[in-house]
Amino acid sequence: MKIQLFTCGVLLLALTAPGSDAQLDVCGSAPLNSKIVGGQPAAAGAWPWQATLDIRGALCGGSLINNQWVLSAAHCFSSTSTLSVNVYLGKERMQGLNPNQVVRTVSQIIKHPNYNVNTFDNDLALVKLSSTVTFTNYIMPVCLAAKGSDFPKGLDCWVVGFGTTSSVISNTLQEVDIPIVSNSDCSKAYKPTGITITSNMICAGLTKGGKDSCQGDSGGPLVTINSTRWVQAGVVSFGIGCGEPKYPGVYAQVSKYQSWISSQVTGAQPGFVKFSAAAHLVSLSIPLLLSIPLVVFSLFVPS
């Protein structure tokens with residue numbers, strides 16, 4: 001049984017935020033995300049906050065949370081040295097043309113002071129870009145789940161990354177939809193491994209397996225939609241293998257870290273949104289009401 005931190009894939013190339021300058025006016029907007037389907041290449045601009053980190057040849061994910069800071073996982077960084085660390089935004093392919101891509105070096109890496117390498121608790125890191133980025137349809141910050149957010153069992157979420165889909169890093173950005181698994185069910189699943197699922201963690205995956213984050217996806221965002229905004233619920237942390245039956249993926253729960261993130265980030269504060277399951281249901285029902293004939297018809301079309 002192998003405990004897998006979803007990192008170190010080798011690169012294939014050689015609504016609550018303090019202050020008037022918070023990112024609530026722009027965060028969580030994805031103008032080009034017109035349809036979401038799991039387990040396939042993501043459309044250009046579908047996830048404009050997605051960051052790809054090249055850490056001295058190793059691959060991790062992250063999320064843009066304002067115009068100069070990226071949220072990622074602490075275990076991605078063996079040290080806080082910024083040497084040979086590059087962050088790619090608007091990246092669609094590992095190899096080939098990336099017309100919407102910008103690249104930044106890094107000026108600071110902050111690992112959560114209570115990150116525990118043995119228990120994987122508090123697996124968060126903040127990465128400061130060497131200079132700010134300009135927001136476009138392809139580069140936009142995500143909203144972060146505020147303190148007190150609740151993500152109920154069965155809630156559909158999405159995880160995105162360039163991590164391995166078989167034995168190699170994916171050349172195109174991948175997206176997959178997975179449901180939230182309750183911490184009690186997740187704890188039962190991981191009990192035989194000796195790993196404790198803490199209140200700082202959140203789990204997502206299928207009982208039958210087959211959908212998951214994997215090596216190279218570490219630090220990437222687990223997101224869901226709250227009304228019209230995409231909200232980050234978790235940061236990819238660890239799991240048993242990738243997509244294994246019975247073992248959901250485990251994520252650092254973003255809402256537990258609002259105070260720490262706010263105290264470390266300079267410039268415009270990230271947009272924190274208190275996730276509401278009710279608002280999520282409303283966001284799903286509005287398009288349903290607007291297109292009942294189409295939706296009802298599509299329900300009876302064999303997949």
Participant: With a 4.5 Å cut-off on side-chain heavy atoms, are Leu53 and Asn86 touching?
Facilitator: no
Participant: Is a donor on one side and an acceptor on the other found under 3.5 Å between the side chain of Gln232 and the backbone of Leu222?
Facilitator: no
Participant: Are the side chain of Gln269 and the backbone of Ser262 linked by a donor-acceptor contact shorter than 3.5 Å?
Facilitator: yes
Participant: Provide the closest heavy-atom pair for Ser81 versus Ile109 in the form atom of the first, atom of the second, distance.
Facilitator: O-CD1, 3.5 Å
Participant: Using the side-chain contact (heavy atoms from CB on, under 4.5 Å) rule, take Leu24 and Phe272 through it: C-alpha gap first, then chi angles, then the decisive distance, then the call.
Facilitator: CA-CA 7 Å; Leu24 279 172; Phe272 284 93; over 6 Å; no
Participant: Tell me whether Asn98 contacts the main-chain N or O of Gly90 through its side chain, where contact means a donor paired with an acceptor under 3.5 Å.
Facilitator: no
Participant: If you group Ile, Leu, Val, Met, Phe, Trp and Tyr by side-chain heavy-atom gaps below 4.5 Å, do Val181 and Val159 land in one group?
Facilitator: no
Participant: Looking only at the side chains, is there a donor atom on one of His75 and Ser218 sitting less than 3.5 Å from an acceptor on the other?
Facilitator: yes
Participant: Which heavy atom of Gly267 sits nearest a heavy atom of Asn66, and at what distance?
Facilitator: C-ND2, 4.3 Å
Participant: Applying side-chain contact (heavy atoms from CB on, under 4.5 Å), name anything that partners Thr266, two or more places apart in sequence or on another chain.
Facilitator: Trp69, Lys128
Participant: Would you indicate whether the side-chain heavy atoms of Ile180 and Cys157 approach each other to under 4.5 Å?
Facilitator: yes
Participant: Would you check, one step at a time, whether the test side-chain contact (heavy atoms from CB on, under 4.5 Å) holds for Ser187 with Met201?
Facilitator: CA-CA 10 Å; Ser187 293; Met201 300 173 183; over 6 Å; no
Participant: Rounded to the nearest 0.5 Å, what's the gap from CG on Asn67 to CG on Leu89? Could you check?
Facilitator: 11.0 Å
Participant: Any heavy-atom pair between the side chains of Gln258 and Pro270 that's under 4.5 Å?
Facilitator: no
Participant: Minimum heavy-atom separation for Ala145 to Ala233, with atom names?
Facilitator: CB-CA, 4.5 Å
Participant: Go through the structure and list residues passing side-chain contact (heavy atoms from CB on, under 4.5 Å) with Lys153, not counting sequence neighbours.
Facilitator: Ser182, Asp185
Participant: Quick one, Ile139 with Asn100, criterion side-chain contact (heavy atoms from CB on, under 4.5 Å). Give me CA distance, side-chain angles, the key distance, then yes/no.
Facilitator: CA-CA 8 Å; Ile139 300 174; Asn100 306 302; over 6 Å; no
Participant: With side-chain contact (heavy atoms from CB on, under 4.5 Å) as the test, would you mind laying out the steps for Leu129 and Ser107 before giving the verdict?
Facilitator: CA-CA 6 Å; Leu129 307 181; Ser107 62; over 6 Å; no
Participant: Side chains of Pro221 and Trp49, heavy atoms from C-beta outward: is any pair under 4.5 Å?
Facilitator: yes
Participant: Working to the nearest 0.5 Å, report the span between CD1 of Ile65 and OG of Ser72.
Facilitator: 10.5 Å
Participant: Under the ring-ring contact (aromatic ring centres under 6.0 Å, His included) rule, collect the residues that match up with Phe135, sequence neighbours excluded.
Facilitator: none
Participant: Hey, is the main chain of Ser29 close enough, under 3.5 Å, to the side chain of Arg229 for a donor-acceptor pair?
Facilitator: no
Participant: Could you tell me whether the side chain of Asp177 and the main chain of Asp156 form a donor-acceptor pair under 3.5 Å?
Facilitator: no
Participant: Is it true that the side chains of Gln101 and Lys91 contain a donor and an acceptor less than 3.5 Å apart?
Facilitator: yes
Participant: State the CD1-NZ distance between Ile197 and Lys188, to the nearest 0.5 angstrom.
Facilitator: 13.5 Å
Participant: Considering residues at least two apart in sequence or located in another chain, which fulfil the side-chain hydrogen bond (donor to acceptor under 3.5 Å, both in side chains) criterion with Ser149?
Facilitator: none
Participant: Just so I know, are the side chains of Thr119 and Ile195 near enough to count as touching, which here means a heavy-atom distance under 4.5 Å?
Facilitator: no
Participant: Report yes or no: does Tyr251 contribute a side-chain atom to a donor-acceptor pair with the main-chain N or O of Gly220 at less than 3.5 Å?
Facilitator: no
Participant: So which atom in Gly271 and which in Gln23 form the shortest heavy-atom distance, rounded to 0.1 Å?
Facilitator: N-CB, 3.9 Å
Participant: CD of Gln264 to CG of Leu71: how many Å apart, nearest 0.5 Å?
Facilitator: 12.0 Å
Participant: Considering all heavy atoms of both residues, which atom of Val70 and which atom of Ala51 are nearest to each other, and what is their separation?
Facilitator: CG1-CB, 4.0 Å
Participant: How close do Leu124 and Ala252 get, heavy atom to heavy atom, and via which atoms?
Facilitator: CD1-CB, 3.0 Å
Participant: Report yes if some heavy atom in the side chain of Val273 is under 4.5 Å from a heavy atom in the side chain of Leu144; otherwise report no.
Facilitator: no
Participant: So, the side chain of Gln253 versus the backbone of Ser255: is there a donor-acceptor pair under 3.5 Å, distance only?
Facilitator: no
Participant: Fit a plane to each ring of Phe120 and Phe238, take the angle between them on a 0 to 90° scale, and name the class: parallel (under 30°), tilted (30 to 60°) or perpendicular (over 60°).
Facilitator: tilted
Participant: Does a side-chain heavy-atom distance below 4.5 Å link Asp54 with Val85?
Facilitator: no
Participant: Per the side chain to side chain donor-acceptor pair (under 3.5 Å) rule, what does the pair list look like for residues 129-144, sequence neighbours excluded?
Facilitator: Arg104-Ser131, Thr105-Ser130
Participant: Under 6.0 Å from the six-membered ring centre of Tyr115 and within 45° of its axis: does the NZ or CZ of Lys111 meet both?
Facilitator: no
Participant: Do the non-hydrogen side-chain atoms of Val102 and Tyr88 ever get within less than 4.5 Å of each other?
Facilitator: no
Participant: Quick check: does any side chain N or O of Asn114 sit under 3.5 Å from a backbone N or O of Asn122, one acting as donor and the other as acceptor?
Facilitator: no
Participant: Are any side-chain N or O atoms of Thr198 and backbone N or O atoms of Asn200, one a donor and one an acceptor, separated by less than 3.5 Å?
Facilitator: yes
Participant: Is a side-chain N or O of Gln50 found less than 3.5 angstrom from the main chain of Val160, in a donor-acceptor match?
Facilitator: yes
Participant: Rounded to the nearest 0.5 Å, how far does CH2 of Trp158 lie from CH2 of Trp230?
Facilitator: 4.5 Å
Participant: Can you list everything that forms a ring-ring contact (aromatic ring centres under 6.0 Å, His included) with Phe151? Sequence neighbours excluded, please.
Facilitator: Phe275
